[in-house]
Amino acid sequence: QVQLVESGGGLVQSGGSLRLSCAASGRTFSSYVLGWFRQAPGKERELIAHIIWSTGRTYYADSVKGRFTISRDNAKNTVYLQMNSLKPDDTAVYFCAAAPTGASWRTDAYWGQGTQVTVSS
């Protein structure tokens with residue numbers, strides 16, 4: 001059974017940094033995409049970054065491009081999201097997800113429980 005466990009959230013001041021971790025287990029992820037989503041109160045969940053496990057190719061939403069970096073550690077089966085220059089608008093619950101490459105995040109993904117990130121002004 002696939003499990004995704006996020007950690008690293010917390011409270012940080014505007015301009016600060018945090019690193020989120022997502023420990024993945026239950027299968028090999030060589031044919032998967034691992035992604036980070038976030039959901040702010042009253043807003044829809046949005047994809048902010050993903051990484052193709054096999055190639056390391058990445059994608060970033062415009063809202064985080066240049067500030068956030070997604071990476072993976074194959075040996076630890078862990079995906080990271082380094083978040084720099086944080087803004088109050090980055091406040092949200094952050095979720096890790098895994099889906100087969102080319103599959104739908106909406107219907108085919110596994111999800112973590114989420115971790116709260118709060119950025120104070």
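- Expressed to the nearest 0.5 Å, how far OG1 of Thr115 lies from CG of Leu18 amounts to 9.0 Å.
- Residues satisfying the salt bridge (Lys or Arg N to Asp or Glu O under 4.0 Å) test with Arg67, not counting sequence neighbours, are Asp90.
- Taking CZ from Arg45 and OH from Tyr94, the interatomic distance works out to 13.0 Å, rounded to the nearest 0.5 Å.
- Listed by first then second residue, pairs satisfying disulfide (SG to SG under 2.5 Å) with a partner in residues 11-102 read Cys22-Cys96, not counting sequence neighbours.
- Put simply, the side chain of Arg38 reaches to within 4.5 Å of the side chain of Glu46, judged on heavy atoms.
- Every residue meeting the side-chain hydrogen bond (donor to acceptor under 3.5 Å, both in side chains) condition with Thr118, not counting sequence neighbours, appears here in chain and number order: Gln116.
- Residues satisfying the side-chain hydrogen bond (donor to acceptor under 3.5 Å, both in side chains) criterion with Gln3, sequence neighbours excluded, are absent altogether.
- Expressed to the nearest 0.5 Å, how far CD1 of Ile51 lies from CZ of Arg72 amounts to 5.0 Å.
- To the nearest 0.5 angstrom, Leu34 atom CG is 8.5 Å from Asn77 atom CG.
- In this structure, the separation between CH2 on Trp36 and CG on Leu47 is 12.5 Å, given to the nearest 0.5 Å.
- Applying the ring pair (Phe, Tyr, Trp, His ring centres under 6.0 Å) test to residues at least two apart or on different chains, none of the pairs has a partner in residues 63-83.
- Residues meeting the ring-ring contact (aromatic ring centres under 6.0 Å, His included) test with Phe37, sequence neighbours left out: Trp105, Trp111.
- The closest donor-acceptor contact from the side chain of Thr78 to the backbone of Lys76 lies under 3.5 Å.
- Clustering ILVMFWY residues whenever any of their side-chain heavy atoms sit less than 4.5 angstrom apart, transitively, puts Leu4 in a cluster other than the one holding Val93.
- Within the structure, the ring pair (Phe, Tyr, Trp, His ring centres under 6.0 Å) test picks out the following pairs touching residues 2-30 (sequence neighbours left out): Phe29-Tyr32.
- Counting heavy atoms from C-beta outward, Gln1 and Ser25 have side chains that stay 4.5 Å or more apart.
- Residues passing the side-chain hydrogen bond (donor to acceptor under 3.5 Å, both in side chains) test with Lys65, sequence neighbours excluded: Asp62.
- For Asp73, the side-chain hydrogen bond (donor to acceptor under 3.5 Å, both in side chains) criterion is met by no residue, not counting sequence neighbours.
- Rounded to the nearest 0.5 Å, atoms CD1 (Ile70) and CD1 (Ile48) are 8.0 Å apart.
- Between Leu20 and the choices Met83, Glu6, Gln82, the side chain to side chain contact (heavy atoms under 4.5 Å, CB included) rule is met once, by Met83.
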Which pairs would a plain distance check flag for residues 7-17, meaning a side-chain donor or acceptor within less than 3.5 Å of a matching protein atom at least two apart in sequence or in another chain?
| unit_1 | atom_1 | unit_2 | atom_2 | d |
| --- | --- | --- | --- | --- |
| Ser17 | OG | Asn84 | OD1 | 2.9 |

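- Residue pairs meeting the salt bridge (Lys or Arg N to Asp or Glu O under 4.0 Å) criterion with at least one member in residues 101-113: none, sequence neighbours excluded.
- Counting only residues at least two apart or on different chains, no disulfide (SG to SG under 2.5 Å) pair has a member in residues 46-87.
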